[in-house]
Amino acid sequence: MKELMKTTDVFKVDSEDEAIKLIEQYRDKQVEEHYKLTKSGYVLKTKKSKGEIIDSWVIVTVETTFAE
C-alpha cells in the first residue's frame with residue numbers, strides 16, 4: 001500500500017505580489033483538496049552585473065501534508 005503523505009512544491013514567480021497570491025491559493029484550497037498547508041514562504045532573488053541589479057524574481061516554497 002502506498003499513501004502520499006507530504007509534498008513540497010517550489011515555484012519561480014515574477015513578483016512578491018504573485019508569491020503572496022500563490023500561497024493564498026494553496027491556503028484557500030485546503031479543505032476542498034483535502035490537504036493541510038504545513039509550511040510556506042518566499043525569497044526574493046536578484047541577478048547582479050557589475051554591482052547593478054539586472055533581474056529579480058521570487059522563489060515560493062509550499063509544503064502540503066495529506067495524512068498525519
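This chain uses plain numbering: 1 for the first residue, then up along the sequence. Computed from a prediction, not measured in an experiment: that's the story for all the values here.
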If you apply the rule side-chain contact (heavy atoms from CB on, under 4.5 Å), what do you find for F66 with H34, and how did you get there? CA-CA 7 Å; F66 296 95; H34 308 291; 5.8 Å; no
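Open room surrounds CD on E52; 12 or fewer heavy atoms of other groups in view lie less than 6.0 Å from it.
The backbone N or O of E63 lies less than 3.5 Å from no partner atom in the side chain of Y26, so there is not a single donor-acceptor pair.
The cluster map of Ile, Leu, Val, Met, Phe, Trp and Tyr, joined by side-chain heavy atoms under 4.5 Å apart, puts L4 and V31 in different clusters.
Closest heavy-atom contact between L37 and I23: CD2-O, 4.4 Å. Across all non-hydrogen atoms, the minimal contact from Y35 to K29 is OH-CB, 3.6 Å. Of all the heavy atoms in A19 and V58, the pair that sits closest is CB-CG1, 3.7 Å.
Geometrically, K12 engages W57 in a cation-pi contact defined by less than 6.0 Å to the ring centre and at most 45° from the axis.
Distance check, rounded to the nearest 0.5 Å: OG1 of T64 to CE of M5 gives 12.0 Å. Atom-to-atom distance recorded for I20:CD1 and R27:CZ is 10.5 Å, nearest 0.5 angstrom. Atom-to-atom distance recorded for T65:OG1 and K6:NZ is 5.0 Å, nearest 0.5 angstrom.
Side chain to side chain, S56 and T46 fail the donor-acceptor criterion of an N or O pair below 3.5 Å.
Within the 4.5 Å cutoff, side-chain heavy atoms of T8 are placed close to those of T61. I59 has its side chain within reach of V10: a pair of non-hydrogen atoms, C-beta onward, lies under 4.5 Å apart. In this structure, the side chains of F11 and L22 come closer than 4.5 Å at one or more pairs of heavy atoms.
Residues K21 and E24 are not paired through a salt bridge, judged by the lack of any N-O separation under 4.0 Å between the basic side chain and the carboxylate.
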